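The structure appears below as structure tokens.
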Amino acid sequence: MFCLSDKKIDDQQLKQQTLDPSAGGFVCFEGWVRDNNQGKDVQKLAYESYPILAVKEGNKIIAETYEKFDIKKAYCTHRVGLLEIGDMAVWVGVSAAHRDAAYKASRFILDEVKSRVPIWKNETWTDGESGWVEQES
Amino acid sequence: MFCLSDKKIDDQQLKQQTLDPSAGGFVCFEGWVRDNNQGKDVQKLAYESYPILAVKEGNKIIAETYEKFDIKKAYCTHRVGLLEIGDMAVWVGVSAAHRDAAYKASRFILDEVKSRVPIWKNETWTDGESGWVEQES
Amino acid sequence: MIHLEILFFGKLKEIWNTKKLTMQTTSSNIEELYTELLTKASEVPHKASIKVAINDEFVDWNSQLKDNDSIAFLPPASGG
Amino acid sequence: MIHLEILFFGKLKEIWNTKKLTMQTTSSNIEELYTELLTKASEVPHKASIKVAINDEFVDWNSQLKDNDSIAFLPPASGG
């Protein structure tokens, strides 16, 4: 399942949802707000989203993941709104019988979410300026 | 750092050690004892190790990881002794500025640990039999 | 004449200086509507990178418009 | 004659029916020692998959032995 959250992401709860007694492997990715990005000192940032479409597209990605990879469970939550340095921006968790599927599915979800889910990052830098950030490769 | 542990792995503490304010991504792998393996129902299992050599080889892998990938921190802990279903057998965590390095370094550590670190799995099945398990591909 | 709601996201809000506007138009598809909207833009955006949605569904640039549609223009995603 | 300690791990413990033995030998390297030990094995293991350590360091099969060395024979790792 894919969710948007305007509060701190509860990664422990998400992990509990992802666990499965028949799964031997669990891969999780967490993206945090760094104190710097693309050479600038970041003070805080905001993620804007198009909520209905974001949830729809995110869940389409999760459904594709279940089709493409031999996994047990997959969850992804993306934070929106105002975030501080060190806040978690995105959490992706996958459980699977074998490690290869868990790694590949996790990476697939993260890459697809970054490129397809309508969410946009606006950074405020320590010099007081702010701006929309283009996707990094 | 690579460690062996004969007690339950404290993944929360390991994660705290791996976090880094300049790192934007964190990838973690957890391997659990499944209720089945290679078609047999597993009741419990034991990991035997050659402790001195295991710690030496594990830390050699961590050092290679820092050389090969642009990462901030990497930790791996492997459980040894008697484990129950659902216990965590191995934890690998990597923090990095970018997701690609975090994923690749995490997978590298896991694969190398599985193939090079002198640890052996002995499973007890629900039919009462037990045996040494060959590495899965 | 049809009545439309137009939504802009991310940096497109700055280019059109609004996040939402309503309008009457004779444009019959997205392509024509976009050309019409360009007259109100403060700069010309990189069109190839823009995605379009009608009523909360991604659609093609040649999609037809009908009365009371809600059209969204989306710059490249930058989440994660 | 040198005095050695031999350690077996994993399923090699079952093949040699012990996890540790001490012995006197005239074998001068690992290769010779292994051939000598095969006479005490309950079955012939897959040699190509066995790794060897002397005094807690991985070594080659042609490594020389000296008095009081501790030699370990390790089947393929199966951790993780």
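Just so it is clear: chains get the letters A, B, ... in the order the sequence lines come, proteins before strands, and each one is counted from 1. Being a predicted model, the structure only gives us computed values, none of them experimental.
Checking side-chain atoms of A/Tyr47 against main-chain N and O of C/Gly80 turns up a donor-acceptor pair under 3.5 Å.
By the neighbour-count criterion of 12 heavy atoms within 6.0 Å, atom NZ of C/Lys13 is densely surrounded, having more than that number from other residues, nucleotides or ligands. Enclosure of atom NZ in A/Lys44 is not indicated, since only 12 or fewer non-hydrogen atoms of other residues, nucleotides or ligands lie within 6.0 angstrom. Environment of NZ in A/Lys73: crowded, with over 12 heavy atoms of neighbouring residues, nucleotides or ligands closer than 6.0 Å. The number of heavy atoms from other shown groups lying within 6.0 Å of CG (A/Asp70) does not exceed 12. Within a 6.0 Å radius of NZ in A/Lys104, no more than 12 heavy atoms belonging to other residues, nucleotides or ligands are found.
Residues A/Leu53 and C/Asp56 share a closest heavy-atom pair of CD1-O, 3.3 Å. Nearest heavy atoms, A/Pro118 versus C/Leu74: CB-CD1, 4.3 Å. Heavy atoms only, all atoms of each residue included: C/Ala77 and A/Ser115 are closest at CB-O, 3.9 Å. In terms of heavy-atom proximity, C/Ser78 sits nearest to A/Lys121 at OG-N, 2.9 Å.
For A/Trp120, the parts lying near chain C are the backbone and the side chain together; criterion is any non-hydrogen pair under 4.5 Å. Only the side chain of C/Glu14 comes within contact range of chain A, judged by heavy atoms closer than 4.5 Å. Neither the backbone nor the side chain of C/Lys19 has a heavy atom closer than 4.5 Å to any heavy atom of chain A. Using a 4.5 Å cut-off between heavy atoms, A/Ile52 touches chain C through its side chain atoms alone.
In this structure, C/Phe9 CZ and A/Trp132 CH2 are separated by 10.0 Å, a value rounded to the nearest 0.5 Å. Atom CD in A/Glu134 sits 9.5 Å away from atom NE2 in C/His46 (nearest 0.5 Å).
With chain C as partner, the option from A/Val90, A/Asn122, A/Ile119 having the largest number of non-hydrogen pairs under 4.5 angstrom is A/Ile119.
Two residues are said to be in side-chain contact when any heavy atoms from C-beta on lie closer than 4.5 Å; A/Lys56 and C/Phe58 fail this criterion.
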